[in-house]
Amino acid sequence: MNSFSFYDAIRFRLVTQQEENSAKIQVFIGVFLGVILRWIYAVAVDVIRNQGPWCFGNLTEILIRLGIALAATLFVFSGYWQKAKDQPASMRFWNAAAYGITIDVIVSTWLPAPTC
């Protein structure tokens, strides 16, 4: 994993560079969408298992979750971009979405269950 630079991720250096903007937007949206889709999937699994209501939490919990998703996406994007930029355009979004799903699996372990 030679392409990941912790220093670049902290400073969000790759996010602020202006070259290849459309590809960067594609990767960023893919990672963010993957994070959000995995969150929705986790709630759906809980609904199916427990026969309960759809519960994403109260407004504060939802906003915190979206903020954490955005922060994780920015941080991950800074390190993932070097690998994603050489992929074909047709696969770049789907690979980024899959990466976002795996990142949410890691990040969500630190988040409490929503209260309804």
Side-chain angles (χ1 to χ4, degrees):
M1 194 157 160
N2 296 333
S3 66
F4 185 80
S5 170
F6 193 73
Y7 179 72
D8 287 348
I10 294 293
R11 293 200 45 222
F12 303 114
R13 180 179 292 170
L14 296 173
V15 175
T16 59
Q17 292 175 354
Q18 296 301 317
E19 69 248 3
E20 302 172 349
N21 276 341
S22 63
K24 284 185 178 185
I25 290 170
Q26 187 180 31
V27 170
F28 180 84
I29 290 174
V31 172
F32 187 70
L33 186 64
V35 170
I36 297 301
L37 284 177
R38 199 287 181 169
W39 176 36
I40 293 169
Y41 172 77
V43 172
V45 167
D46 190 48
V47 166
I48 292 169
R49 278 189 188 158
N50 300 327
Q51 303 293 319
W54 284 84
C55 176
F56 291 97
N58 58 31
L59 182 60
T60 305
E61 290 172 335
I62 292 171
L63 292 177
I64 288 171
R65 177 67 183 195
L66 288 175
I68 290 171
L70 184 60
T73 301
L74 284 172
F75 186 78
V76 167
F77 172 80
S78 294
Y80 179 66
W81 168 246
Q82 291 298 322
K83 290 185 181 230
K85 72 177 185 177
D86 297 329
Q87 296 172 353
S90 61
M91 290 303 296
R92 191 179 297 134
F93 174 80
W94 297 113
N95 288 339
Y99 201 77
I101 289 169
T102 59
I103 290 305
D104 188 65
V105 169
I106 296 168
V107 171
S108 66
T109 59
W110 295 309
L111 299 175
T115 57
C116 296

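The analysis underlying the following values was restricted to heavy atoms, covering all of them including side chains, and did not include hydrogens, waters or symmetry mates. Quantities reported herein were computed from a predicted structural model and do not represent experimental measurements.
- Under the salt bridge (charged side-chain N to carboxylate O under 4.0 Å, His left out) criterion, the residue pairs touching residues 51-67 are R65-D104, with sequence neighbours excluded.
- The minimum heavy-atom distance between V27 and A96, with the atom names listed, is O-CB, 3.5 Å.
- Pairing each heavy atom of I106 with each of T109, the nearest pair is O-OG1, 2.7 Å.
- Using a 4.5 Å heavy-atom threshold, the side chains of W39 and I62 count as touching.
- By the rule that hydrophobic residues join a cluster once side-chain heavy atoms approach within less than 4.5 Å of another member, L37 and I25 end up as members of one cluster.
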Next item on the list: Apply side chain to side chain contact (heavy atoms under 4.5 Å, CB included) to V31 and F93, showing your working.
Entry: CA-CA 8 Å; V31 172; F93 174 80; over 6 Å; no
Margin query: Please determine whether side chain to side chain contact (heavy atoms under 4.5 Å, CB included) holds for the pair L74 and F28, giving the CA-CA distance in whole Å, both sets of side-chain angles, and the decisive distance to 0.1 Å.
Written below: CA-CA 8 Å; L74 284 172; F28 180 84; 3.5 Å; yes
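- Within the structure, no pair that satisfies the disulfide (SG to SG under 2.5 Å) test touches residues 72-103, not counting sequence neighbours.
- Put simply, L70 and I36 are part of the same group of oily side chains (I, L, V, M, F, W, Y) that touch within less than 4.5 Å, one to the next.
- Hydrophobic clustering (side-chain heavy atoms under 4.5 Å, transitive across Ile, Leu, Val, Met, Phe, Trp, Tyr) keeps L59 apart from I68.
- Within the 4.5 Å cutoff, the side chain of I40 has heavy atoms near those of the F56 side chain.
- Following chains of ILVMFWY side-chain contacts shorter than 4.5 Å, one can reach L66 starting from V43, so the two form part of one hydrophobic cluster.
- Of the inter-residue distances, the one linking R92 atom CZ with K24 atom NZ reads 11.5 Å to the nearest 0.5 angstrom.
- Note that the CG atom of L33 and the OG1 atom of T73 stand 10.0 Å from one another [nearest 0.5 Å].
- Between the side chain of N58 and the backbone N or O of T60, at least one donor-acceptor pair lies under 3.5 Å.
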Next item on the list: Check step by step if side chain to side chain contact (heavy atoms under 4.5 Å, CB included) holds for I103 and F75.
Entry: CA-CA 11 Å; I103 290 305; F75 186 78; over 6 Å; no
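- In the hydrophobic clustering of this structure, V107 groups with I64; members are Ile, Leu, Val, Met, Phe, Trp, Tyr whose side-chain heavy atoms approach within less than 4.5 Å, directly or through other members.
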